[in-house]
Amino acid sequence: MAKFIFVTGGVVSGLGKGITAASLGRLLKSRGLKVAIMKLDPYINVDPGTMSPLQHGEVFVTDDGAETDMDLGHYERFVNDDLSQDNNVTTGSIYSSVIERERRGEYLGGTVQVIPHITNEIKGRVERVAHSTGADVVIGEIGGTIGDIESLPFLEAIRQMKADRGRSDVMYIHVTLVPYIEAAGEQKTKPTQHSVASLRGIGITPDVIVCRCNKPLTSEVVEKLALFCDVPREAVIQNHDLDTIYEVPLLLEDQNLDQLVIDHFGLQTRERDLQEWREVVRRFKEPEGEVTVGIIGKYVDLHDAYTSVVEALVHAGIQHWVRVNIKWVSSEELETDEGGVDSCAVSEALANVDAVIIPGGFGDRGIRGMIGAVSHIRETHIPFLGICLGLHCAVIEFADNVLGLKGAHSTEFFRDTPHPVIDWMPDQKNIERMGGTMRLGSYPCKLRRDSRAALAYGRTSICERHRHRFEINNEYREDLESEGFMSVGIWQDADVVEVMELDDHPWFIGVQFHPEFKSRPDCPHPLFLHLLAAALRRRSGS
C-alpha cells in the first residue's frame with residue numbers, strides 16, 4: 001500500500017513547493033523507495049497548453065504528450081523518472097471528467113456536487129498514480145496557497161484521504177514564508193502562524209513546516225514556530241536561499257526531513273546515498289571556467305518561460321566544470337519601428353556571447369528580430385542551437401538570404417508568403433480546438449550517421465519530445481541542402497525533418513523537438529553538452 005505526502009503552500013506563491021517536493025522525492029529515492037510525484041493545480045484550464053508563458057511560465061511536455069505545469073520538469077530532473085499525463089491534475093480536467101460522467105448518466109440521477117463527486121474524482125486521480133506506478137510513496141503538490149477559493153476542493157480531498165487511509169498512511173508538509181524585516185532587524189513568524197491556522201481551519205494539521213527564508217532561522221524563531229504551529233522542533237525545516245536549487249536536497253538531508261517521513265510511515269529503507277548528487281553540486285559551486293550563452297526569445301521578461309532550457313545549460317555547464325552566464329535578449333528589441341532589423345542592436349547584443357540559443361515560442365511577435373539574429377550568427381560563426389521556432393527562423397533566414405527566395409516565411413506568420421518554407425503539418429490544417437491538438441510527446445528520429453547530431457548523441461536512433469503544429473516544407477528541402485543546410489534527422493514514418501545542420505559553420509544545429517525536456521543534472525542532454533563544447537572552443541580561440 002502506497003503512502004501519501006501532500007505539500008501545501010501558504011502566505012505567497014512562488015515559495016518553492018515544487019522544489020521542496022522534488023527534493024524530498026530525491027531523498028526518498030536515494031533510500032531505495034519508489035517515488036511518484038504529481039501536481040494538483042487549481043486553475044480551470046484543462047492544462048496549461050493554451051496559457052501564455054508570461055502568465056504561467058513554461059509548458060513542460062511529457063513522453064506521452066501531456067502539456068503540464070513546469071514543476072513536472074523539476075520533478076523529472078530531481079527524481080530522474082519520466083512522468084505522464086496522470087502526474088498533472090487540474091480543476092479543468094477534474095470537472096471535465098465529472099461532467100462527462102454526468103452526461104453519460106453514470107451518477108444514476110443523483111445531484112452532482114463538489115462533495116462527494118469532485119473530491120472523489122481528485123482522490124481517484126491520486127490513487128491512480130499510486131496504482132499505475134507501484135510507488136511506495138506518492139508526493140502530491142497542491143498548487144496555489146491556503147486561502148485561495150479555487151484550492152478548496154483539493155484541500156478537502158486530501159483532508160478526506162487521511163480519514164480514508166489513516167494517519168499512518170498520510171502526511172502533510174506545509175511550505176510557508178518567514179520574512180526578514182530589515183527595519184525591525186528580525187524574522188517574523190506571524191505569516192506562518194496565520195497560514196497554519198487557516199490550514200487547520202479546514203481540517204488539515206501539518207506534520208512538517210518548511211520555512212522559506214533568505215537566511216537561516218534563529219533558534220528562538222524555530223522554537224516559536226514549533227510552539228505556535230504545534231509541531232516538534234525537528235519538524236520545523238529551514239529552506240533558506242542557496243546558490244543553486246540542486247543544493248536543496250542536501251539542505252533537507254542535513255535536517256533529516258526524509259527520516260521524519262520514514263518514521264511517520266514506519267518504513268524500512270536503506271541508508272541514503274547522495275554521492276552523485278553531491279558531485280553535481282560540487283561541480284556547480286567550484287567551476288574552473290565560465291561561458292556566456294545568449295538566449296533570444298519573446299518571453300524573456302519572465303525567465304520561467306524558459307526554465308528547462310536554462311536548467312539544461314546548467315547541467316551541461318556542470319559536466320564541463322564551467323559556470324554558464326546567460327545573456328537574455330528580447331527579440332523585439334532587435335527590431336526597428338519601420339518593420340526591419342536593427343543590425344547595430346543585433347551586433348551589440350551578441351558581441352560577447354560564446355553561443356546562442358533561440359528556443360520555442362508561438363506567434364509573430366519578435367520574429368523579425370530572431371531572423372535578423374540568425375543571420376548575424378550564421379555569418380559570424382557563433383555556435384547556435386535553434387529549438388522548434390529557432391529552427392524555423394534559421395530556415396526562413398537561409399531561404400531568404402542564401403537561396404534568394406525573397407519573401408520566404410512561415411505560414412504561421414504570413415499565410416500568403418510566396419515561399420512557405422515552414423508550413424502546417426498536414427494533420428494540423430483543419431484543427432479548430434487549440435488545446436492539446438498539436439504534435440505532442442515523444443517521437444523517433446533517425447540521424448545521418450556522419451552528422452554532428454549523431455556524434456553528439458553517440459547513436460543514430462533517438463527519441464525526443466515535441467510541441468508544434470508547423471514543419472519544414474519538404475518541397476524546399478532539396479534547395480536548402482544544395483547550399484549546405486542539411487536535413488540530418490528525419491521522422492521516417494511521416495518524412496518530417498527533425499534536425500538540420502549548416503555545413504559551413506563550426507556548430508549550427510536546429511531541431512524540431514525540445515531536447516531541454518530530457519536533460520538531467522547528473523545526465524546532461526548531449527546537444528547542450530556539445531553546444532557548450534563549441535562555445536568553449538570559440539572562447540579559447542581554438
Side-chain angles (χ1 to χ4, degrees), residues 3-18 20-21 24 38-42 89 91 94 113-116 118-120 122-123 126 137-179 187-213 217-239 252 255-257 260-261 263-266:
K3 309 295 185 180
F4 298 91
I5 302 171
F6 295 107
V7 180
T8 58
V11 186
V12 295
S13 60
L15 288 179
K17 294 192 307 295
T20 299
L24 177 57
M38 59 189 304
K39 180 71 178 288
L40 297 97
D41 257 324
V89 177
T91 293
I94 293 293
Q113 298 175 295
V114 173
I115 301 173
I118 297 300
T119 51
N120 282 350
I122 294 169
K123 290 188 292 182
V126 176
V137 179
V138 176
I139 302 174
E141 176 197 346
I142 313 300
T145 58
I146 300 305
D148 296 342
I149 190 170
E150 59 265 31
S151 299
L152 290 175
F154 290 97
L155 296 171
E156 172 61 19
I158 66 172
R159 184 199 68 79
Q160 290 179 16
M161 285 201 69
K162 188 170 186 178
D164 296 343
R165 286 283 193 144
R167 183 185 182 281
S168 62
D169 281 352
V170 176
M171 185 177 192
Y172 302 115
I173 296 177
H174 191 53
V175 180
T176 184
L177 177 68
V178 180
Q187 295 165 322
K188 293 296 186 179
T189 65
K190 272 294 187 288
T192 296
Q193 292 180 48
H194 284 298
S195 182
V196 171
S198 296
L199 195 58
R200 283 173 164 179
I202 57 178
I204 296 174
T205 300
D207 300 291
V208 175
I209 307 293
V210 174
C211 303
R212 278 294 285 121
C213 43
L217 301 179
T218 64
S219 58
E220 292 80 9
V221 168
V222 172
E223 293 286 357
K224 191 173 182 180
L225 286 168
L227 176 64
F228 284 98
C229 297
D230 194 25
V231 296
R233 191 184 192 283
E234 61 270 19
V236 177
I237 304 295
Q238 306 185 44
N239 187 5
L252 300 185
Q255 299 170 82
N256 288 310
L257 176 58
L260 287 173
V261 172
D263 293 343
H264 180 92
F265 291 136

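Side chains are part of it too, since the values below use all heavy atoms of this structure and drop only hydrogens, waters and symmetry mates.
Here the side chains of Lys3 and Arg165 are not in contact, with every heavy-atom distance at 4.5 Å or above. No side-chain heavy atom of Gln255 sits under 4.5 Å from any side-chain heavy atom of Glu234. Looking at heavy atoms from C-beta onward, Asp230 lies out of side-chain contact with Val196 at the 4.5 angstrom threshold. Between Pro191 and Thr176 there is no side-chain heavy-atom pair separated by less than 4.5 Å. Ile209 is not listed as a side-chain neighbour of Ile237, based on a closest heavy-atom distance of 4.5 Å or more.
The nearest pair of heavy atoms linking Ala235 to Val208 is O-CG1, 3.4 Å. In terms of heavy atoms, Arg233 sits closest to Ser219 at NH2-CB, 3.5 Å. The two residues Asp41 and Gly143 have their closest heavy-atom pair at OD1-CA, 3.6 Å. Pairing each heavy atom of Cys229 with each of Thr192, the nearest pair is SG-CG2, 4.0 Å. Nearest approach of Cys213 to Val178, heavy atoms of both residues: CB-O, 3.6 Å. Nearest heavy atoms, Phe265 versus Val170: CE2-N, 3.7 Å.
A donor-acceptor contact shorter than 3.5 Å is absent between the side chain of Gln187 and the backbone of Pro179. A donor-acceptor pair is defined here as one N or O able to donate and one able to accept, closer than 3.5 Å; no such pair exists between the side chain of Tyr172 and the backbone of Thr8. Of the possible polar contacts, none joining the Gln238 side chain to the Cys211 backbone as a donor-acceptor pair under 3.5 Å is found. Proximity of a side-chain donor or acceptor of Arg159 to a complementary backbone N or O of Ile204 within less than 3.5 Å is not detected. Thr119 places no side-chain N or O within 3.5 Å of a backbone atom of Pro153 that could act as its donor or acceptor partner. Under a 3.5 Å cut-off, the side chain of Thr145 and the backbone N or O of Gly10 do not form any donor-acceptor pair. No donor-acceptor pair under 3.5 Å is formed between the side chain of Asp263 and the backbone N or O of Leu260. The closest donor-acceptor contact from the side chain of Arg212 to the backbone of Asn239 lies under 3.5 Å. In terms of modelled atom types and a separation under 3.5 Å, the side chain of His194 and the main chain of Thr189 share no donor-acceptor contact. Using a distance-only test at 3.5 Å, with no hydrogens or angles considered, a donor-acceptor pair links the side chain of Thr20 to the main chain of Gly16.
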Query raised in the report: Yes or no on side chain to side chain contact (heavy atoms under 4.5 Å, CB included) for Leu24 and Ile5, after CA distance, side-chain angles and deciding distance?
Result: CA-CA 10 Å; Leu24 177 57; Ile5 302 171; 3.9 Å; yes
Query raised in the report: Could you walk me through whether Leu217 and Leu225 pass the side chain to side chain contact (heavy atoms under 4.5 Å, CB included) check?
Result: CA-CA 10 Å; Leu217 301 179; Leu225 286 168; 4.0 Å; yes
Query - Worked verdict on Val89 versus Phe154 for side chain to side chain contact (heavy atoms under 4.5 Å, CB included) - result: CA-CA 10 Å; Val89 177; Phe154 290 97; 4.3 Å; yes
Requested in this report: I would like to know whether Ile202 and Glu156 meet side chain to side chain contact (heavy atoms under 4.5 Å, CB included); could you show each step before the answer?
Outcome: CA-CA 7 Å; Ile202 57 178; Glu156 172 61 19; over 6 Å; no
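Taking CZ of Arg200 as the reference point, atom OG of Ser195 lies at 11.5 Å (rounded to 0.5 Å). Interatomic distance, Gln160 CD to Asn120 CG, rounded to the nearest 0.5 Å: 6.5 Å. Atom CG in Asp148 sits 9.0 Å away from atom CG in Leu155 (nearest 0.5 Å). Between atom CD1 of residue Ile173 and atom CG of residue Asp207 there is a gap of 8.0 Å, rounded to the nearest 0.5 Å. The CZ atom of Phe4 sits 9.5 Å away from atom CE of Met38, with the distance rounded to the nearest 0.5 Å. One finds the CD1 atom of Ile142 at 12.0 Å from the NE2 atom of His174 (value rounded to the nearest 0.5 Å).
Salt bridge annotation for Asp169-Lys162: absent, with no cationic side-chain nitrogen under 4.0 angstrom from a carboxylate oxygen.
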